[in-house]
K.L.:
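Before I ask anything, here is the structure I am working with.
As the structure is a prediction and not an experimental result, all values here were calculated from the model. In what follows, every chain begins at residue 1, and chains take the letters A, B, ... in the order their sequences are listed.
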2 protein chains.
Amino acid sequence: MSLIVQKFGGSSVSDAEGIKRVARRIVDTKSAGHDVVVVVSAMGDTTDELLDLANQLTDEAPAREMDMLLSAGERISMALLAMAIDGLGAKASSFTGSQAGMMTDAIHGKARVIEVSPQRVRRAIDRGYVAIVAGFQGMSKESNDITTMGRGGSDTTAVALAAALGADVCEIYTDVDGIYTADPRVVPAARKIDTISSEEMLEMAASGAKILHLRCVEYARRFGVPLHVRSSFSTNEGTWVLPSPDDQIKIQEGEPLEQPIISGVAHDRSEAKVTVIGVPDIPGKAAQIFRVIAGANANIDMIVQNISTAGSGRTDISFTLPMVDGKHVQEALRAEQDEIGFEDISYNENVGKLSLIGAGMRSNPGVSSMFFEALHQAGVNVDMISTSEIRISIVTDANKLDAAVLAIHAAFDLDVEDEATVYGGTGR
Amino acid sequence: MSLIVQKFGGSSVSDAEGIKRVARRIVDTKSAGHDVVVVVSAMGDTTDELLDLANQLTDEAPAREMDMLLSAGERISMALLAMAIDGLGAKASSFTGSQAGMMTDAIHGKARVIEVSPQRVRRAIDRGYVAIVAGFQGMSKESNDITTMGRGGSDTTAVALAAALGADVCEIYTDVDGIYTADPRVVPAARKIDTISSEEMLEMAASGAKILHLRCVEYARRFGVPLHVRSSFSTNEGTWVLPSPDDQIKIQEGEPLEQPIISGVAHDRSEAKVTVIGVPDIPGKAAQIFRVIAGANANIDMIVQNISTAGSGRTDISFTLPMVDGKHVQEALRAEQDEIGFEDISYNENVGKLSLIGAGMRSNPGVSSMFFEALHQAGVNVDMISTSEIRISIVTDANKLDAAVLAIHAAFDLDVEDEATVYGGTGR
């Protein structure tokens, strides 16, 4: 008997039929002899509908009230799911974020989990109940106010609960059957990945792969929680995201697989590029700029500082950041323009980022040259570059991005013969 | 400066326009220098929509989960209302039932308030905020689960908060401009009541008058909270429900009015009549029957025990109860039929109750005879009778009820010349 945490997203519970299907799946897992804790998101379009109502009332809703509003969505879906499970003859009890002990910091809209005290969830399991927990929401430890963790936060709820409860696995249900070597909408020959290390998954998520929320993978890695990303429409195995090779042995009941050199190619169109032009080339100026950006609560991604033109005493600093932060970061910088002493800001949303990820890069020095050669042959200009031990990323023109992804996927031999089936079971 | 509790029902906040209108009204009260605490119900049809979803999933939803589900409705309306107030430049903070310290017993679906600890609400007021509290919901003191107080429970929330905070008045906003001497849909000549004692209002509410929830009036009376029932569509004075004559002086800034003999006529079509036939006429049998009914958690209203037919050794016991309880009370009784020894049950939903209410009855012995004479002249047969010091009620055929209400309203000189305007302001 295992303790399994199952997370279902909003598209899985968008109507009564969906809720019944999910309930059946949960009851099947319970009937197989497992303890089950479920994390559920708000039904389908609920969040958008609530946001729409809010927009009709005010241009800038207070963040505390926005969290109060949005947290109602999970309250509805979790209670309905508990009813559906009850209707199938099993017992279920639903818990809000605060009832489940999800304590967060006080940053409304993007709160971080700081403590999980799931005593009520544990008691429900011990009494033979399926515990259903609201995803995406918690309670500020400081103010006792309701907080939300931002879109995708339900994944984090699931992993945090799995860690706190010592669950054997955290299953993330989605409408695709696992993680692919690239986005199958861009690369039809993309291949489902059977297992991937959480280290690589972290780089994939950070690089724009949409299936898993970055913080969820971080959390899973830190607390050693095995993730199983799988389809809610089939019972096929999906992709296992494993914190260590030991887990790989445990899961596969055999020898760890030979680690492939490259795990996959990720891309991201959600970022913009900002260039701060004519920054005085004296110590402390870059720090000053990034202090302003941090003050605007924006996460910047890649950073490039150009070499100072001889004699000018000035340099340019470029960075990428989520488009949604573009406006207020520019405003924050302009407010300090005199203080910092830069000349201008340029802002470009027509950029795309491509990342190649693979733990095997560490011991394969030829990867970079093959990477840039493939881009060159595909006619892709590279605008910015950043690397980690297991990742190479570049920024290019948005309209060149698909061609770049296809070229890299092919160059590293990731293509399969038959095209991937995104919906429904492909088997392994 | 006063502390005013304002309660707005679901029809007042059914869409963005309604929410804005209510927000404007609240801000106006705040701007006039008062502290304001608002209690709000779920938006328009939200509750029905949630119930509909639940019905699609299971025939009998667990009561705990039903409360979890329904409590989401106020969470949405209160957060939106806080945003709308913020949009008008005032400050507002919303609180769930549990955050507002509404502690209840553990009877899901019809929980009773057992303690109110509104420290967070008080702090919000002290900081200059409008505090917005979810109506209808609380938290079980025993289990920490979310509870709801049944339809109309938001009125009770408002009064309980007003009492706990020592508010000067609890304003109940509705779509009519006050309490009428009879339902204007039945009696077009019904008159708006300016002031009524909470004792009489209690009898009115218990007798089927729909405007105020019975428990709300009980609570207001017990804790001495003046209620002001008024229209959310006008600024006219509505009906004051006053716990004592002292309040009447205070409110009207003058002498207490001469109390009219009769306050109004109430009617109720929501009850059914049950007759337990052939009950052995021996001590303890009635107690046995009412123990079974209490065990089924039903509130019975009027009771009549027929005189035992000479020599039969058996008697009939009739009572009225809410139709919704009809089925399971009959089942509960039938389950004990052998034990109790009665012969049969008859059940009739085609009945109506009429009540005449007035504190002046006490000192006017002619009221009963005038009452029954008027019914007689209108050709209304009386099936059951019950009385209190300030009320006479009868049960008759449902199809005779309107005629009976009109006859009694006219006989006691309650009619006005011009017909009542239900929507919009009639002035006083």
K.L.:
At a heavy-atom separation under 4.5 Å, does B/Ile146 approach chain A through its side chain, its backbone, both, or neither?
P.N.:
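Both parts, backbone and side chain.
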K.L.:
Please round to the nearest 0.5 Å and tell me the distance separating atom CE of A/Met66 and atom CG of B/Asp86.
P.N.:
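Answer rounded to 0.5 Å: 11.0 Å.
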K.L.:
Under 4.5 Å from any heavy atom of chain A, what part of B/Glu17 do you find: side chain, backbone, both or neither?
P.N.:
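No part of it gets close to chain A.
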K.L.:
For B/Met43, is it the side chain, the backbone, both or neither that has a heavy atom under 4.5 Å from a heavy atom of chain A?
P.N.:
side chain
K.L.:
Considering the options A/Leu69, A/Thr46, A/Leu70, which one meets the side-chain contact (heavy atoms from CB on, under 4.5 Å) requirement together with A/Leu51?
P.N.:
A/Leu70
K.L.:
B/Ser98 versus chain A, heavy atoms under 4.5 Å apart: side chain, backbone, both or neither?
P.N.:
neither
K.L.:
Return the option, out of A/Gln99, A/Lys20, A/Arg64, A/Glu60, with the maximum number of heavy-atom pairs under 4.5 Å with chain B.
P.N.:
A/Arg64
K.L.:
To the closest 0.5 Å, what do you measure between CG (A/Leu88) and NZ (A/Lys30)?
P.N.:
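Here the rounded value is 14.0 Å.
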K.L.:
With a 4.5 angstrom heavy-atom cut-off, which part of B/Asp67 approaches chain A: side chain, backbone, both or neither?
P.N.:
neither
K.L.:
Out of B/Ala54, B/Ala79, B/Ser77, which one racks up the most heavy-atom pairs below 4.5 Å with chain A?
P.N.:
B/Ala79
K.L.:
Which atoms of B/Gln56 are under 4.5 Å from chain A, going by heavy atoms: the side chain, the backbone, both sets, or neither?
P.N.:
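Answer is both: backbone and side chain atoms of B/Gln56 are under 4.5 Å from chain A.
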K.L.:
Nearest 0.5 Å, please: how far is OG1 in A/Thr147 from CG in A/Asp105?
P.N.:
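Result: 7.5 Å between the selected atoms.
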K.L.:
Are A/Ser140 and A/Ser143 close enough that a side-chain donor and a side-chain acceptor fall under 3.5 Å?
P.N.:
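Present: a donor and an acceptor within the cut-off.
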K.L.:
Please classify the contact between B/Thr96 and chain A as side chain, backbone, both or neither, with a heavy-atom cut-off of under 4.5 Å.
P.N.:
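Both backbone and side chain of B/Thr96 come within 4.5 Å of chain A.
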K.L.:
With a 4.5 Å cut-off on heavy-atom pairs, point out which of B/Ala23, B/Gly87, B/Pro62 contacts chain A the most.
P.N.:
B/Pro62
K.L.:
Out of A/Glu65, A/Arg120, A/Lys91, which one racks up the most heavy-atom pairs below 4.5 Å with chain B?
P.N.:
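Among the listed options, the one with the most contacts to chain B is A/Glu65.
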K.L.:
What part of A/Asp59 gets within 4.5 angstrom of chain B, counting heavy atoms only: side chain, backbone, both, or neither?
P.N.:
neither
K.L.:
A cation-pi test, strictly: NZ or CZ of A/Arg75 under 6.0 Å from the centre of the six-membered ring of A/Phe136 and no more than 45 degrees from its axis. Yes or no?
P.N.:
no
K.L.:
Is a donor from one side chain sitting under 3.5 angstrom from an acceptor on the other, for A/Thr29 and A/Gln6?
P.N.:
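Yes - a donor-acceptor pair under 3.5 Å links their side chains.
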K.L.:
Of all of B/Ile76, B/Asp15, B/Ile19, which one pairs up most often with chain A through heavy atoms under 4.5 Å apart?
P.N.:
B/Ile76
K.L.:
Would you tell me whether A/Thr148 and A/Gln137 have side-chain atoms, one donor and one acceptor, within less than 3.5 Å of each other?
P.N.:
no
K.L.:
Ring of B/Phe233, cation from B/Arg21 - is the NZ or CZ under 6.0 Å from the centre and inside 45° of the axis?
P.N.:
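The answer is yes; both the distance and angle limits are met.
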